[in-house]
Each structure stands twice: as structure tokens, then as C-alpha cells.
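Below is one structure, written out as C-alpha cells, with a few remarks after it.
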Amino acid sequence: MGDTNGQVVAGGNGEGNRLDQLYYPTDVLIDKETGSLIICDWLNRRVVRWSRRSGTTQGEILIDNINCYGLAMDDQRYLYISDIDKHEVRRYQIGDKNGTIVAGGNGKGAGLNQLDYPTYIFVDQQQAVYVSDNFNHRVMKWNKGAKEGIVAAGGQGQGNALTQLYYPQGLFVDTLGTIYVADLGNHRVMRWPKGAKQGTVIVGGNGQGEGENQFNHPWGLSFDRQGNLYVVDYGNHRVQRFSIE
């Protein structure tokens, strides 16, 4: 807190596919067990791990030849990765290269057993997988072991009504099953209570812009322990913090 400069903890050597480089990374998580960062190195089509120890100069490849976009880790340290080429989410044990399909995997489509360009994911304590099903303008929930998902938000086509999403991206689900989602194309962040048919706008929703209550394509989101919401405001090249009631 209070730093005006950040410090590079992975990459920083220009775009490229060397082990000391990244190429448009889209997601990152912290593996506390090993004190390392796991990064979706999107345009290098790989998932890499970088130690957080000082003096680390390169990463190691955990999984390659995967068009990964989003990452999540559950309490048992299983790694979940969305694949925008195969329209699926797989669960991996660290060190396993193949994984098991836990959402989608039935080709590109809008069926309940399909996904279309799955981006960000969230896994709850019951190992249910929530997926921003980007091109279907919906958030899907796949319970552990399910053969198809449940529409948890959106799913009413592309639009800006409270029942709709427009290219949803970043996701967070609280312990009550309330979904928070970055509604990219509508320049807003929405909250959907569990089982609700429509959501509410909690920040943004005031058109595309650079005001304090506006976004230009909100991409990612996260909460801290105090309940502050952080939003990656992609088109404005900034991260905004909001205190949510």
C-alpha cells in the first residue's frame, strides 16, 4: 500500500516465448503452497509458473499447447483452466498435463452442455465451476460431476436489460452464491443473487466513458478482505477501487 511504483514479478522482458517472457497474459493466481504465481500466458498458448522468491528470472511451463484464458484453484489445489479453442474448462492436478473436463467439451454452441468462448472462471468450495460464457452472453454454473450447466446469469441474448449480459468477463462468487460479473459490453459490474432471474448494477452502467462512475470495457474484478471491489478498466488503462455496501 502506498507504493507509487510496482515491481515486475514475472516477464518484463518484452513479448516473446522464451521462459523469461510472456505474451499477452490474461490471468494469474497465487499458489500459496509453493509461493508461486500461475499465469495464463495466452498468446504463447501455455500455463506457466513463476516462483515469487526474489532472484527468479524465468518461469517453468506447467501445461502447453492450450489456448487458455482463465484460471482458478480450489481448496484441494486443483487447477482449473478455460480453453477458448475447445470451448471447455478442465481441472488439473498440478503436474498433470491432460486434466478432466468439468464444463463444456461438447463443441462450440449455446446448449446447456456447451460453451462458446469461455473466458474467466470461479470455483466455489463445493467445486462448482462458474464460467463467463462470453459469446453466449451468460454465466454458467456447472456443479461437480454435472453433464450440463445451469444458466446462473444472463442467457437472454446480448443486450443491456437487467436480465441480460453483453460479453461477460471477470467473475467472483461469494459464499452465498451471489455472482459479481464484469459486464464488458455494457460498461458495468452486475450482482446476481443465487437463483435470480435478473441482476442489479452495482457500479458503472452510465455509458462508456472515463468518469469515476464510468468504465471503458471493464475486464477483470476482484475483492479484498474488507469487501472493496477492484475493477480492471481496460479501455481507460486503469484499475478502479469501489467500496460496495
Side-chain angles (χ1 to χ4, degrees), residues 9-11 17 19-53 56 58-106 113-115 117-134 139-147 149 152 168-175 177 179-182 219-223 232:
V9 291
N17 63 4
L19 288 178
D20 66 345
Q21 294 176 309
L22 299 168
Y23 191 14
Y24 287 104
T26 52
D27 208 356
V28 60
L29 57 82
I30 296 172
D31 179 9
K32 296 191 180 85
E33 195 91 356
T34 58
S36 58
L37 301 170
I38 296 176
I39 302 163
C40 169
D41 189 8
W42 177 41
L43 286 190
N44 279 327
R45 298 177 61 90
R46 65 190 185 188
V47 175
V48 293
R49 177 164 62 192
W50 283 64
S51 169
R52 295 171 75 201
R53 283 192 293 276
T56 298
Q58 64 176 45
E60 57 171 324
I61 298 171
L62 288 180
I63 297 156
D64 55 9
N65 200 25
I66 179 171
N67 202 351
C68 67
Y69 201 100
L71 300 171
M73 189 178 266
D74 69 18
D75 298 343
Q76 271 100 54
R77 288 189 69 239
Y78 280 103
L79 182 61
Y80 296 73
I81 307 173
S82 64
D83 186 324
I84 54 179
D85 266 358
K86 294 181 177 167
H87 309 286
E88 67 187 23
V89 178
R90 281 181 186 257
R91 182 178 70 215
Y92 297 80
Q93 267 183 308
I94 302 274
D96 162 28
K97 300 275 191 204
N98 297 318
T100 311
I101 295 173
V102 291
N106 293 298
N113 68 345
Q114 293 178 304
L115 299 168
Y117 207 84
T119 54
Y120 291 108
I121 51 183
F122 186 93
V123 181
D124 71 13
Q125 287 171 320
Q126 285 74 49
Q127 294 184 322
V129 181
Y130 294 80
V131 187
S132 276
D133 191 6
N134 193 270
V139 175
M140 297 296 288
K141 177 186 180 183
W142 288 64
N143 287 310
K144 186 178 180 180
K147 294 284 173 260
Q169 286 280 35
L171 264 188
F172 180 86
V173 183
D174 70 16
T175 50
I179 295 169
Y180 296 82
V181 58
W219 210 275
L221 53 81
S222 185
F223 282 91
V232 176

- Looking only at non-hydrogen atoms, find the nearest pair between R52 and L37 and report the distance. CG-CG, 3.9 Å
- Do D133 side-chain atoms and V139 backbone N/O form a donor-acceptor pair below 3.5 Å? no
- Message: Do Y69 and D27 make a side-chain contact, defined as non-hydrogen atoms from C-beta onward lying under 4.5 Å apart?
- Response: no
- Item | Polar side-chain atom of D74 near backbone of Q76 as donor-acceptor pair, under 3.5 Å | yes
- Between L71 and I39, which heavy-atom pair has the shortest distance, and what is it? CD1-C, 3.8 Å
- Query: Is M73 close to I94 at the side-chain level, that is, under 4.5 Å between some pair of heavy atoms?
  - Reply: yes
- Query: Angle class for the Y180/F172 ring planes (parallel below 30°, perpendicular above 60°, tilted otherwise)?
  - Reply: tilted
- Message: Could you check whether any side-chain heavy atom of D31 comes within less than 4.5 Å of a side-chain heavy atom of R77, counting everything from C-beta outward?
- Response: yes
- Heavy-atom closest pair (V47 atom, I66 atom, distance to 0.1 Å) is CG2-CG2, 4.3 Å
- What residue pairs, at least two apart or across chains, pass side-chain hydrogen bond (donor to acceptor under 3.5 Å, both in side chains) with a residue in residues 89-101? E88-R90
Just distance, no hydrogens or angles: give the donor-acceptor pairs under 3.5 Å from side chains in residues 119-126, sequence neighbours left out.
{"unit_1": "T119", "atom_1": "OG1", "unit_2": "Q169", "atom_2": "OE1", "d": "2.8"}
{"unit_1": "Y120", "atom_1": "OH", "unit_2": "T26", "atom_2": "O", "d": "2.9"}
{"unit_1": "D124", "atom_1": "OD1", "unit_2": "Q126", "atom_2": "N", "d": "2.9"}
{"unit_1": "D124", "atom_1": "OD1", "unit_2": "Q127", "atom_2": "N", "d": "3.1"}
{"unit_1": "D124", "atom_1": "OD1", "unit_2": "A128", "atom_2": "N", "d": "2.9"}

- Over all heavy atoms of both residues, which pair between V131 and A103 is shortest? Give the atoms and the distance, please. CG2-CB, 4.2 Å
- Message: Which heavy atom of S82 sits nearest to which heavy atom of P118, and what is that distance?
- Response: OG-O, 3.4 Å
- Is there side-chain contact between I81 and C40, with heavy atoms separated by less than 4.5 Å? no
- Item | Taking every non-hydrogen atom, the tightest pair across C68 and D41 | SG-N, 4.0 Å
